[in-house]
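In what follows, every chain begins at residue 1, and chains take the letters A, B, ... in the order their sequences are listed. No hydrogens, no waters, no symmetry mates; every other heavy atom, side chains included, goes into these values.
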Amino acid sequence: MSIDKAESVKYETFTQEEYMIMKDDLLRPIEKIGIGAKIWIGFLTAVFLAGVFAYYLQETRGKYVTTGLRDYTTWGVYISNFLFLVALSLSSVFMSAILRLTNFQWYRPLSRIADVISLSSITMAGICIMISMGRADRLHHLFIYGRIQSPIIWDIIVVATYFVACVLVLFIALIPSLSTCKNHLHNLPKWQLKMYDILSFGWEGNAEQWKVLKKTVLILTVLIIPLGIALRTVSAWLFSTTLRPEWDSTNFGAYFVSGSALITVATMVIAVYAFRKIYNLENYLTEMHFDKLGQAMVLMGFIYAYFNINEYLVPAYKMSGLHENHLLDLFVGEEALFYWSVVFFGIAVPSILPLFRKMRKPLPLSIIALAVLIAGWFKFYLIVIPGQAHPLLPIQDVPETWKHYTPSLIELTIVAATIAGTLLLVTVFSKFFPIISVWEVAEGKLEGKEEIINYK
Amino acid sequence: MENENNNSSRRNFLRLGALGGIALAGTAIAKAVTDEAPKETGKKVKVLTADGKLVEVDSSHVEHHAMNDNYTSEEIRQGVKGKKFIRVIDLGKCANERKCIEGCQTAHNYIAPVEYIKVKKMQNSELESPYWFPTMCYHCDNPPCTKVCPVDATFKREDGIVAMDYDRCIGCKFCMAACPYSARTFNFGKPEQLKFTEEHGNDTSDPNHCRTPYAQEGTVAKCDFCTDRSEKGLLPACVVECPNGAILHGDELEDVVTNGEDTFRLKKLLQDRGAYRQFEELGTKPRVYYLPPVARNFPFEDATEAHNTKD
Ligand code: SF4
């Protein structure tokens with residue numbers, strides 16, 4: 001089953017006989033949970049619980065004591081982290097739906113990974129909105145008094161809708177796999193088998209059911225793209241609908257979408273690298289995938305660079321009084337080191353390094369992807385926080401802490417918890433369900449034919 | 001936080017007499033003088049009786065509205081019919097004495113470093129001279145803050161005031177991001193402030209006391225043109241407290257603004273003195289006008305003292 005170089009250019013195909021092996025390969029991680037997995041899950045749970053405790057402290061002790069937020073910088077890491085999680089949640093759009101629609105066959109083993117990352121991160125993003133509210137106890141006011149004119153309401157509607165779409169995309173495409181689990185996994189607790197049974201909704205794998213399933217998946221695939229773009233754009237509008245020069249940009253929606261596309265590629269690289277190593281899925285998540293993802297990264301990197309030029313260099317050319325403070329701060333001032341590192345690792349590295357074939361190998365590409373992700377997180381920080389440091393009227397005669405925001409330990413713990421929560425959801429999912437869509441991969445082989453493998 | 005008021009009792013009277021709403025205000029206060037004799041505070045306030053006489057009474061006789069007598073959600077949404085509150089700030093008269101800031105803090109029961117009204121040092125270019133620039137909520141006619149509020153917790157009243165409903169605000173702070181003048185401030189729950197609210201929240205002894213006190217924890221506060229005082233025809237705390245009469249408050253429909261000492265015809269004042277609004281180009285249509293810092297009452301003296309150093 002090893003794939004040699006020559007073949008790796010084409011997408012993977014499998015014969016029917018290989019299917020049985022494949023099924024075993026993909027079901028194995030569900031059957032036994034190793035000690036490593038237990039430690040990992042335990043660690044993530046601990047971080048997540050630490051975040052829950054930190055949130056409890058924040059709500060009981062008051063935000064003045066527990067956070068670094070003050071007037072002027074009223075939106076801190078919670079908001080920038082929210083933007084980052086929304087970027088991750090676009091994985092379904094860029095790493096599954098678009099590839100699926102445009103017939104890039106290598107999407108097949110990736111689609112479920114992308115979908116579960118999306119669902120996990122949009123869940124955490126939703127939680128982030130709540131955490132950043134001054135009065136979380138008044139959440140219901142959004143429903144009682146909601147005004148549709150407010151971009152926050154748009155954001156909440158689109159986050160909720162996208163969440164539902166993610167659930168549907170993930171679980172409908174999962175039905176045939178659930179039936180596989182039900183029929184082939186026996187040494188599992190009763191409730192788990194029962195769960196497979198319930199969630200597979202009486203799936204038998206007959207031609208009629210396949211027809212409905214594939215149609216539904218196609219419709220959802222088409223739907224999730226505009227929804228994801230809307231989600232990303234609306235979260236950019238939270239900023240660009242204000243009159244602050246740093247945010248008041250017609251470029252903002254597209255700029256955010258392009259940045260998120262790059263971040264989803266990087267996320268995918270890391271996820272593929274991890275699953276491939278830990279679950280021994282080298283036969284399905286191949287070097288070819290890294291090659292393709294590396295190419296995608298270059299493309300997205302250049303698109304993102306293009307929007308960055310529009311966003312920063314065009315105003316910098318004019319250097320109007322409105323932008324001056326902010327831009328100089330970023331380019332040569334207080335935030336310069338921070339800003340240029342983010343540009344270097346978040347734009348230059350992903351646009352240039354993967355141009356070289358050697359850099360598109362699993363390990364180097366994963367290291368690049370990690371750099372891109374970290375830079376991506378800080379990029380949102382740089383958009384949100386210094387963007388508030390230079391209001392139109394100068395900040396005068398206020399305490400030092402009001403001028404310079406530093407996230408508190410509690411805020412950082414909560415942010416770490418949302419990231420841990422995302423990883424935890426992905427990990428737990430992969431322990432209960434096959435992380436690669438068996439039928440989609442198998443279907444790749446039978447492309448264009450009427451008959452479909454029956455799982456029984 | 002006791003407000004010393006003795007040197008301005010004469011002005012207090014004049015101020016009362018200044019607005020067109022004099023009769024209304026007099027009646028309201030006279031009505032508030034109670035029959036029983038509660039504990040004397042020793043502090044005298046002047047009130048105008050219904051028949052036009054000025055009398056001095058102990059402040060304990062004057063019933064102020066207490067904390068629990070604040071506006072209800074419905075009340076605060078009702079603007080005063082036939083009024084359009086407006087403000088003109090004469091930059092030539094501001095000497096950064098900070099009395100408006102302190103007066104506002106006392107009237108609304110909140111403490112530094114929070115300031116609804118801030119006095120900034122501005123200088124447009126090197127060749128021009130610096131001047132003091134009091135800023136506050138401009139109660140814009142096209143307010144960017146109310147536009148973005150998801151729950152209608154901040155809204156425009158028909159009398160021009162941009163008001164806050166603290167009971168409804170969810171603390172998303174979007175209005176703060178949207179306000180180009182940084183006029184809003186958030187109650188992050190500073191322990192000193194919470195303690196102060198607990199101890200002095202019901203303290204209505206300040207003659208300039210407002211029925212719209214500081215925001216609850218986790219909500220947004222800002223200048224509210226001392227809503228209840230404006231409604232009653234009284235001058236807001238900052239106007240009363242400014243020793244130089246730099247802040248003029250009034251009613252656009254009546255075409256009058258006053259600082260308690262001098263009363264002007266609004267339109268004529270704006271036209272004669274080259275009034276402008278801050279960042280007109282943003283289209284926010286502020287209800288606060290500035291008279292340029294010409295014909296100054298004082299030479300500009302730089303303030304070396306920073307007041308809000310302690311977090
Ligand atoms: S912080 Fe309160 S008043 Fe401001 S936009 Fe949010 S809900 Fe409205």
- prompt: Got a donor-acceptor contact below 3.5 angstrom from the A:Trp247 side chain to the B:Ala177 backbone?
  reply: no
task: State, with a plain yes or no, whether a side-chain heavy atom of A:Leu142 is found less than 4.5 Å away from one of B:Ile170.
output: yes
message: Taking the side chain as everything from C-beta on, heavy atoms only, tell me whether A:Thr242 gets closer than 4.5 Å to B:Val148.
response: no
query: Does a side-chain heavy-atom distance below 4.5 Å link B:Met176 with A:Asp71?
result: yes
- request: Using a 4.5 Å cut-off on heavy atoms from C-beta on, say whether the side chain of A:Gln149 contacts that of B:Cys149.
  value: no
- prompt: Among B:Gly189, B:Cys145, B:Ala153, which has the most heavy-atom pairs under 4.5 Å with chain A?
  reply: B:Gly189
Audit row: B:Phe188, A:Thr74, side chain to side chain contact (heavy atoms under 4.5 Å, CB included) steps and yes/no: CA-CA 10 Å; B:Phe188 284 103; A:Thr74 50; 4.2 Å; yes
- prompt: Does A:Pro151 reach the side chain of B:Phe174, with side-chain heavy atoms less than 4.5 Å apart?
  reply: yes
message: Quick check on B:Pro150 against chain A: is it the side chain, the backbone, both or neither that has a heavy atom closer than 4.5 Å?
response: both
- prompt: Non-hydrogen atoms of chain B under 4.5 Å away: do they reach the side chain of A:Val65, the backbone, both or neither?
  reply: side chain
query: Which region of A:Ile129, side chain (C-beta onward) or backbone (N, CA, C, O), has a non-hydrogen atom less than 4.5 Å from a non-hydrogen atom of chain B, or is it both or neither?
result: neither
statement: Between A:Leu393 and B:Tyr138 the two heavy atoms that sit nearest each other are CD1-OH, 4.5 Å
task: Tell me, for A:Trp154 versus chain B, whether the close heavy atoms (under 4.5 Å) come from the side chain, the backbone, both or neither.
output: neither
Proximal component of B:Lys147, with respect to chain A [non-hydrogen, under 4.5 Å]: backbone
field: Considering all heavy atoms, the nearest B:Ser182-A:Tyr72 contact
entry: CB-CE2, 3.8 Å
field: Under 4.5 Å from a heavy atom of chain A, the part of B:Lys121 involved
entry: both
task: Answer whether the closest heavy-atom distance between the side chains of A:Gln396 and B:Val119 falls below 4.5 Å.
output: no
field: Expected output: side-chain A:Arg135 to main-chain B:Thr219 donor-acceptor under 3.5 Å
entry: no
Distance-minimising heavy-atom pair for B:Val151 and A:His141: CG1-O, 3.6 Å
- request: Might you point out which heavy atoms bring A:Gly62 and B:Glu217 nearest each other, and give the distance in Å?
  value: CA-OE2, 3.4 Å
- prompt: Which heavy atom of B:Thr146 sits nearest a heavy atom of A:Arg147, and at what distance?
  reply: O-NH1, 3.0 Å
query: Which pair of heavy atoms, one from B:Lys173 and one from A:Ser132, lies closest together, and at what distance?
result: NZ-O, 3.9 Å
- prompt: Is the shortest distance from a Lys or Arg side-chain nitrogen in A:Asp397 or B:Arg98 to a carboxylate oxygen in the other one below 4.0 Å?
  reply: yes
query: Which answer fits B:Val114, side chain, backbone, both or neither, if we ask what part of it has an atom under 4.5 Å from a heavy atom of chain A?
result: both
- prompt: Is it the side chain or the backbone of B:Gln278 that comes within 4.5 Å of chain A heavy atoms, both, or neither?
  reply: side chain
